[in-house]
Peer 1: 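Dumping the structure here so I can ask a few things about it.
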There are 2 protein chains.
Amino acid sequence: MTLGRDELGHRSETVRRANLSAIVRALHEDGPLSRSDLVGRTGLTRSAIRALIGELAAGDLVRESPATLDGTPGRPSPLVQPDPEGAFALALEIAVDSLAAATVGLGGRVFDAIRTELAPGRTDVDDIVADLADLATSVLDRRPSPAGLAGVGVAVVGVVRRDGLVSMAPNLGWRDEALGERLAGALGTVVPMVFANEADLAALAEHRRGAARGVDDVVLVWGSVGVGGGLIVRGEPLTGAAGYSGEVGHLPVNPAGVACRCGSTGCWETEVGTGAVIRRAGYPAEGGREALEAVLRQAEEGSPRAIGALAETGRWLGIGLAGLINILNPRLVLIGGRLAPTYPFVRATLEAELDRRVLRAARQLVRVTPASLGLDAPLLGAAELALEPLLIDPAAWLRPRGVMTELESA
Amino acid sequence: MTLGRDELGHRSETVRRANLSAIVRALHEDGPLSRSDLVGRTGLTRSAIRALIGELAAGDLVRESPATLDGTPGRPSPLVQPDPEGAFALALEIAVDSLAAATVGLGGRVFDAIRTELAPGRTDVDDIVADLADLATSVLDRRPSPAGLAGVGVAVVGVVRRDGLVSMAPNLGWRDEALGERLAGALGTVVPMVFANEADLAALAEHRRGAARGVDDVVLVWGSVGVGGGLIVRGEPLTGAAGYSGEVGHLPVNPAGVACRCGSTGCWETEVGTGAVIRRAGYPAEGGREALEAVLRQAEEGSPRAIGALAETGRWLGIGLAGLINILNPRLVLIGGRLAPTYPFVRATLEAELDRRVLRAARQLVRVTPASLGLDAPLLGAAELALEPLLIDPAAWLRPRGVMTELESA
DNA sequence: ATCATTTGGAAGAGAGGAACACAAACCACG
DNA sequence: CGTGGTTTGTGTTCCTCTCTTCCAAATGAT
């Protein structure tokens with residue numbers, strides 16, 4: 001997520017790159033802005049902004065439109081916004097029981113999105129790659145200028161490396177599958193493709209466009225069948241050494257507890273995963289999504305058993321979160337995915353456990369709320385991931401699409 | 001630890017700042033380098049390096065010495081190194097049973113260092129501040145040019161905010177003590193003063209000059225009376241929202257366990273802290289350092305009980321570390337502080353627990369080793385912390401010490 | 001002596017800053 | 001209801017800062 005240059009030296013070219021990046025990023029994260037807004041935000045002069053915007057507009061990354069008259073005095077400042085015919089990302093998602101694809105432009109605008117149920121048992125890599133490629137084609141075909149594709153981001157429900165090597169995806173039965181290579185082959189694209197875990201991407205999306213907006217230290221707990229985590233540190237996703245970070249589902253919280261599908265015992269997800277919730281409420285552990293929804297309905301109707309099951313889940317949520325908060329000192333904790341709707345019922349016991357277990361200083365600083373983007377968060381995060389290279393270095397995008405310089409054509 | 005500018009715009013001045021910073025940082029982290037080395041490392045041209053070095057030399061930050069003839073052909077390149085008469089940091093430490101102070105120059109050279117035992121019971125803030133100020137004076141007085149003091153860093157055994165507000169220091173019995181203000185008053189310095197937890201600073205030191213050198217994702221477990229943690233993420237310390245991060249000692253690992261002094265139950269430090277180790281070996285929990293050393297001696301002599309106590313500690317170390325590794329996906333885990341010498345005896349059970357509990361992908365990537373800097377690591381880390389502003393913006397240091405510009409004198 | 005490597009310095013190019021004239025909106029006042 | 005003042009912004013030109021390029025000279029190994 002950083003520039004990734006070995007060489008630390010800066011030159012005037014670096015300055016231009018950084019300034020183009022600052023402008024594109026500001027427009028992407030905060031929507032249409034007037035030139036004046038950009039002056040204020042970057043600290044650059046009007047002259048500089050003007051030249052930079054001009055370059056971006058020439059490369060079809062942004063577009064200027066007449067100022068909106070908002071009643072303030074002074075000469076109106078033209079509005080700068082991402083060009084909807086310009087660059088966009090392809091976001092893909094392999095979820096527990098569905099596949100999804102979307103095209104998303106700079107600024108986070110979703111052009112087209114599809115999600116299809118994944119037939120039970122259809123977990124072979126080749127099948128999923130084929131289905132995903134079909135979805136991708138169908139959203140890509142609806143874009144007027146397919147050449148605007150800047151990158152592909154893929155959210156995967158499993159432990160996945162940045163390059164698409166899936167080390168483990170228990171829900172799919174995968175182990176060491178080279179998803180990246182297969183998908184690149186099936187899509188035949190030349191643009192960069194990046195992979196990440198669904199919870200990591202949900203956190204990225206919530207940070208950019210959801211409940212964690214503007215908060216630089218965030219922990220997201222993402223419930224699906226298992227439990228994943230997405231961490232934002234210093235305003236950026238924490239990926240770890242290889243992208244395997246955030247596997248909070250396997251935090252040991254109860255060494256005397258039950259066996260986890262990972263081979264260990266007492267992992268957090270054995271206490272707060274879907275299976276644990278519905279088991280406590282009296283459903284068979286394999287009940288899945290429907291059973292969880294049933295428990296929620298019953299809780300809303302006042303069923304003591306359902307309410308009790310959720311409260312106990314909240315207690316364990318609090319225990320695990322206490323550890324995360326003590327370790328990371330976040331300002332915000334988000335409860336997302338299938339856990340989000342349980343929030344009203346887990347809240348009390350969860351907070352009580354935090355009161356007991358989190359050091360006072362960190363406790364005072366942290367707030368727990370449900371996530372705001374719903375189940376599409378990983379897909380939106382995949383789009384953010386795919387756009388990242390463009391945000392870091394818009395100049396690289398402008399250059400090859402413009403007129404060749406003398407030097408390059410020589 | 002980052003630049004901390006609100007405004008994202010870059011200008012030519014930014015370039016120079018960044019390049020000066022790159023040079024000073026390279027010299028600080030990797031010792032004396034020839035101009036050519038710097039050319040290679042920064043990617044800048046000789047001319048640029050020449051001018052930058054000239055500016056740094058004029059400001060007494062670096063010094064050029066004749067080239068060492070190493071038998072390679074070509075004109076010899078002068079060696080550039082931090083000026084030992086130039087800038088330096090004052091590092092202070094409040095440890096469990098001692099106080100320490102040191103002056104440390106750019107490049108990590110320790111000029112003078114003192115450590116004194118803390119008399120049992122002498123834990124009043126005023127007393128400690130007075131003692132610390134005495135130590136500081138004694139090392140500062142031995143520097144030829146006291147004006148070279150660039151910053152003060154303070155390592156504290158407790159939960160402390162960057163500005164020196166100690167939220168909690170159980171070993172000292174402190175709660176919400178404004179250590180920063182008091183110490184600033186006692187020292188009477190005008191240079192910036194920064195505080196951090198001892199484990200965080202030990203991690204910083206190990207990352208810069210110890211066993212974690214060159215590794216960008218690191219977890220350090222620091223044993224003293226309790227257990228602290230220092231996390232390095234993307235090559236930088238993870239401080240969290242307010243500097244309270246890394247309190248791994250209070251990771252809940254055993255909800256059915258014993259009460260912790262923090263008020264919770266089953267915290268990691270109740271299983272791996274000094275108290276737990278010596279209790280398992282048959283000593284009273286208050287035995288402290290001497291008892292721990294006795295257990296180690298007995299283990300070395302082959303005592304089954306001591307060996308068993310350490311092995312069981314290793315098991316719990318592994319359980320907690322498994323959580324940290326699953327969350328953070330580090331490349332390296334360091335065992336430091338009073339836990340370091342136990343490493344040979346905890347290793348086997350620790351690694352076995354990791355094999356069981358860490359996801360395979362992350363497990364393959366991580367190595368566990370003892371830390372290398374010993375008990376002075378927090379003090380050295382405090383020096384690194386104090387020097388950080390200088391590394392980030394050497395120009396700010398050069399400017400006020402040089403000749404005033406027309407504009408400034410006007 | 002030759003070669004590889006580096007230093008030193010002058011001229012050039014890229015990028016943003018500063019200053020000035022001018023433009024377009026709101027607002028108050030006659 | 002028009003008119004002029006005020007405010008906020010744009011366009012343009014020239015300036016400054018910083019790195020790069022290029023050429024000549026220096027230095028030590030072979």
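Residue numbering restarts at 1 for every chain, and letters A, B, ... go by the order of the sequence lines.
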Peer 1: Taking the six-membered ring of A:Phe195, is the NZ or CZ of A:Arg162 close enough (under 6.0 Å from the centre) and on axis enough (within 45°)?
Peer 2: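 That pair does not qualify as a cation-pi contact.
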Peer 1: Under 4.5 Å between any side-chain heavy atoms of A:Ser372 and A:Glu206, yes or no?
Peer 2: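 Yes; the side chains approach each other to less than 4.5 Å.
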Peer 1: Before accepting this row, confirm whether a basic side-chain N of the pair A:Arg17/A:Asp393 lies closer than 4.0 Å to the acidic partner's carboxylate O.
Peer 2: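 Yes, this pair counts.
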Peer 1: Hey, where on DNA chain D does chain B first and last touch, going 5' to 3'? Cut-off is any atom under 4.0 Å from a heavy atom.
Peer 2: D:dT18 to D:dA29
Peer 1: Taking all heavy atoms of B:Ala22 and all of B:Thr42, pick out the closest pair and write down the distance.
Peer 2: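 Nearest pair, atom of B:Ala22 first, then B:Thr42: CB-CG2, 4.4 Å.
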Peer 1: Look at the aromatic rings of B:Phe111 and B:Phe88 and report parallel, tilted or perpendicular, splitting at 30° and 60°.
Peer 2: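 Rings of B:Phe111 and B:Phe88: perpendicular, as their planes differ by over 60°.
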Peer 1: I'd like to check A:Leu44 versus B:Arg11 (side-chain heavy atoms, cut-off strictly below 4.5 Å). Are they in contact?
Peer 2: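 Yes, side chains in contact.
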Peer 1: Does some side-chain heavy atom of A:Leu385 sit less than 4.5 Å from a side-chain heavy atom of A:Val194?
Peer 2: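 Yes, close enough: below the 4.5 Å cut-off.
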Peer 1: Assign each of A:Asn19 and A:Arg75 to its nearest nucleotide of DNA chain C by heavy atoms, then name whichever residue's nucleotide is nearer the 5' end.
Peer 2: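 Looking at DNA chain C, the more 5' nearest nucleotide goes with A:Asn19.
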Peer 1: Return yes if some donor-acceptor pair links the side-chain N/O of B:Ser245 with the main-chain N/O of B:Leu238 below 3.5 Å, else return no.
Peer 2: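 It does hold such a pair.
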Peer 1: Reading DNA chain C 5' to 3', which nucleotide is the first, and which the last, to come under 4.0 Å of any heavy atom in chain B?
Peer 2: C:dA4 to C:dG17
Peer 1: DNA chain D: A:Ser47 or A:Pro76, which has the more 5' nearest nucleotide?
Peer 2: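 Nearer the 5' end of the strand: A:Pro76.
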Peer 1: Heavy atoms only, 4.0 Å cut-off, all strands: where does B:Arg35 land among base, sugar-phosphate and nothing?
Peer 2: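 Sugar-phosphate, backbone atoms only, no base.
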Peer 1: Regarding B:Arg46, tell me which of base, sugar-phosphate or nothing describes its non-hydrogen contacts under 4.0 Å with the strands shown.
Peer 2: base
